[in-house]
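Worksheet for the structure shown next.
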Number of protein chains: 2
Amino acid sequence: MRYDNTIYDMIYSSELIKGTLKTIILKLLKDNKRMYGYEITQRVKELTNDRIQLTEGALYPSLHALEADGVLTTETEYIGKRVRKYYSLSPKGKSLTKEKISEFADFMNTMKFLLDIKTDIA
Amino acid sequence: MRYDNTIYDMIYSSELIKGTLKTIILKLLKDNKRMYGYEITQRVKELTNDRIQLTEGALYPSLHALEADGVLTTETEYIGKRVRKYYSLSPKGKSLTKEKISEFADFMNTMKFLLDIKTDIA
DNA sequence: CAAATATACATCAGATTCTTATGTATTGGA
DNA sequence: TCCAATACATAAGAATCTGATGTATATTTG
């Protein structure tokens, strides 16, 4: 299943996505146990009908930072001769995920009020 | 009227507010015809129950940039001996406001979907 | 009435984080 | 055999925020 609504040609200005990258990564890892970087970019692109396109230059440094903070753990595997680095949530990562998602949910409510937006999704 | 919900002690991490500053400024000016910088910080703080606290170091440069882009116009007034700089939306600013708000509304829907999904993809 | 706080503008060094390449290498398809 | 896709990574420059500092007037409080 992917996200669907009427406006198909919208791509968000990059500044909008700022501040949500880590939350998106954490949420995907919560649902999928383990994923690798390239897979995350493709999944997000697919799930959002190309609205959110994570660039590798933003993604990889973020993943490295989350790993350095003890939020993510990694396993490296070889698919043929090509390396693939899987990321998973550590216990710290699991609690951070909950915090981040609830913070964002609260933020959305505040912004919805502030911008006087009528949402079309229940 | 101000925003109200159960969690009263939440202050959003700064990175969340990034990318929404200009949209917030534009929306307030749309509703209030003209406002000055300090007034904007106070109004946002008040409307969001202290959740969003705009810093002057972020606000003033943003206002200057919007003015330089022809989005905002200014009038300077003196209240006693103290200067006050009022900002208003230009015609360009009015259309930008609509764009920014609808973009954010769409973004919220996408994020709501993205952060709620259960991906049990085979 | 003196001191502290609030009002009101502004700038800037440093930090963070994103964009946009560039780089390396393997794999699959036309 | 190329070209696109897969898959990692880094890095210069750009953009923007934080937190401090600066200046000045107005108001409140002890």
At less than 3.5 Å, do the side-chain atoms of Arg82(A) and the base atoms of dT6(D) form a donor-acceptor pair?
yes
Is it true that Lys27(A) and Asp31(A) make a salt bridge, defined as a side-chain N closer than 4.0 Å to a carboxylate O?
yes
So, Arg34(A) and Glu77(A), do they make that salt bridge, N to O below 4.0 Å?
yes
When you check the phosphate oxygens OP1 and OP2 of dT6(D), does a side-chain N or O of Tyr38(A) lie under 4.0 Å from one of them?
yes
Between dT27(C), dT18(D), dA8(C), which nucleotide gets closest to the side-chain atoms of Tyr36(B)?
dA8(C)
Take the protein atom NZ of Lys85(B) and the nucleotide atom C1' of dA24(D), then report the distance between them rounded to whole Å.
16 Å
Whole-Å gap separating P (dT17(C)) and CG (Leu54(A))
16 Å
Check this one for me: any side-chain N or O of Tyr60(B) less than 4.0 Å away from OP1 or OP2 of dA10(C)?
no
Before accepting this row, confirm whether a basic side-chain N of the pair Lys92(A)/Asp69(A) lies closer than 4.0 Å to the acidic partner's carboxylate O.
no
Pick base, sugar-phosphate or nothing for Gly57(A), based on heavy-atom distances below 4.0 Å to the nucleic acid.
base
Given the rule in the side chain to side chain donor-acceptor pair (under 3.5 Å) test, do Thr48(A) and Tyr12(A) qualify, once you have shown the distances and angles that lead to the verdict?
CA-CA 11 Å; Thr48(A) 64; Tyr12(A) 305 125; over 6 Å; no
To the nearest angstrom, the CD-P distance between Glu77(B) and dT7(C) comes to 19 Å
Any His64(B) side-chain nitrogen or oxygen under 4.0 Å from OP1 or OP2 of dT11(C):
yes
Output the single nucleotide from dA26(D), dC17(D), dC9(C) whose closest atom is nearest the side chain of Ser62(B).
dC17(D)
Ranking Ile79(A) and Pro61(A) by the position along DNA chain D of their nearest nucleotide, the one closer to 5' is Ile79(A)
Glu56(B), nearest nucleotide to its side chain (from dA8(C), dT20(C), dT18(D))
dA8(C)
For the pair Glu99(A) and Lys94(A), find out whether any cationic side-chain nitrogen is under 4.0 Å from an anionic carboxylate oxygen.
no
What is the distance, rounded to the nearest whole Å, between atom CD of Glu15(A) and atom C1' of dT19(C)?
13 Å
Heavy-atom nearest nucleotide on DNA chain D for Val83(A) versus Lys18(A): which residue maps closer to 5'?
Val83(A)
Identify whether any heavy atom of Glu39(A) sits under 4.0 Å from a base atom; if not, whether one sits that close to sugar-phosphate; answer base, sugar-phosphate or nothing.
nothing
Closer to the 5' end of DNA chain C via nearest nucleotide, is it Tyr86(B) or Ala58(A)?
Tyr86(B)
